[in-house]
Amino acid sequence: MKRACDTELRPSEQSIVHRYAGKTVVAIGAHPDDLEIGIGGTLAKLQKNGAHVVMCVASIPKDFDVRLAEAKRGAEILGCELKLLMDDGPKRLEDVKTCDLVGMLDGLIREYKPAAVLTHSNSDFHNDHLLIYRACVPTQRLAYFDFFSYHPTNCRPVPIDFHPNAYVDISETIDAKMHSITAHGSQFGGRGLDTEMYREHAHAMGRIIGVPYAEGMQIQRMVLA
Ligand SMILES: [Zn+2]
């Protein structure tokens, strides 16, 4: 006899891939590697299933050419379009006026007309990530896109107050995610940091929804029409 807990919880018509197939999804990260770490498996899954996925990297603080090449490689592995918001050389987000940053992100929304925007969260501990999240919030006044925050991204784990309430099964794209993270060689291998914790984290998220690997997000706004 089938028990309640054996019930299929995720009928395919409810899948995120159906929600955004044929539409544009814009993912925004403060730096190269944030998107691969935070939401790379979801982006690859969406792209594979017919969404137009734009990976917007807001800034490259230093080592511009190296990190731009790594960002291009990361986006290529995930099959997504790369957009560098501040493409005229090294820039620190702290040096940009908030109103200018909001203006640039407004331009991004007007250009791509996304069905969904995925960005950092208010729970992040990196000030650049918080600046991007806070500059993304007001772009919601321009159009009715879904708005999600992905898990805080870091090179070394620290305690954070982030509680996902939406999960994406990334079992099919975990290898692409891991591959895209290692494309950022200047951030990991060169600094003696290993990337395996991102696979372990995705595995722990997967256990919450009963799949091998998952990414968790916070829903900030979702239109249930
Ligand atoms: Zn970052």
Side-chain angles (χ1 to χ4, degrees), residues 25-44 53-78 80-96 98 100-102 104-105 108 117-137 139 147-162 164 177-199 201-202 205 215-218 220:
V25 173
V26 172
I28 305 169
H31 314 113
D33 81 10
D34 284 326
L35 292 173
E36 288 87 339
I37 294 169
I39 201 71
T42 299
L43 300 183
V53 180
V54 180
M55 292 173 64
C56 174
V57 173
S59 66
I60 298 180
K62 57 182 182 177
D63 303 327
F64 189 85
D65 292 339
V66 170
R67 298 209 67 189
L68 178 58
E70 290 172 351
K72 284 180 178 169
R73 182 75 188 120
E76 187 186 340
I77 291 166
L78 298 175
C80 302
E81 175 183 334
L82 178 69
K83 167 91 174 173
L84 183 56
L85 200 60
M86 292 187 267
D87 59 1
D88 56 344
K91 279 256 166 43
R92 290 184 62 84
L93 281 165
E94 283 183 333
D95 297 331
V96 181
T98 301
D100 291 338
L101 195 54
V102 172
M104 283 185 260
L105 292 170
L108 195 71
V117 171
L118 296 78
T119 192
H120 296 285
S121 78
N122 205 25
S123 308
D124 213 301
F125 61 92
H126 192 310
N127 194 48
D128 285 356
H129 300 178
L130 291 171
L131 289 171
I132 288 297
Y133 169 74
R134 289 174 189 151
C136 283
V137 168
T139 67
F147 186 49
F148 299 99
S149 287
Y150 51 79
H151 198 281
T153 57
N154 49 279
C155 291
R156 294 182 178 89
V158 294
I160 40 148
D161 184 24
F162 181 83
K177 174 186 172 101
M178 294 306 299
H179 189 193
S180 72
I181 292 171
T182 54
H184 295 271
S186 68
Q187 301 304 294
F188 296 102
R191 291 159 70 195
L193 300 173
D194 99 276
T195 56
E196 200 50 30
M197 70 169 176
Y198 303 118
R199 183 186 291 274
H201 181 74
M205 290 290 111
E215 285 171 338
M217 301 188 289
Q218 280 178 348
Q220 304 293 355

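Numbering of residues begins at 1 and proceeds along the displayed sequence. Counting convention: from 1, in listed order, for ligands and their atoms alike. It should be emphasised that the depicted structure is a prediction, and the values quoted were computed from it without experimental measurement.
- For the side-chain contact (heavy atoms from CB on, under 4.5 Å) criterion with H151, the lone passing option out of D124, I37, I39, I160 is I160.
- With 2.8 Å as the limit, H129 counts as an N, O or S neighbour of the Zn ion (ligand 1).
- Summary: ND1 is the N/O/S atom of H31 found nearest to the Zn ion (ligand 1).
- A distance below 6.0 Å separates the ring centres of H126 and H31.
- The distance from the Zn ion (ligand 1) to the nearest N/O/S atom of D34 is under 2.8 Å.
- Using a 4.0 Å cut-off between charged nitrogen and carboxylate oxygen, E196 and R199 count as a salt-bridge pair.
- For the pair D128 and R92, the salt-bridge criterion is not met [side-chain N within less than 4.0 Å of a carboxylate O].
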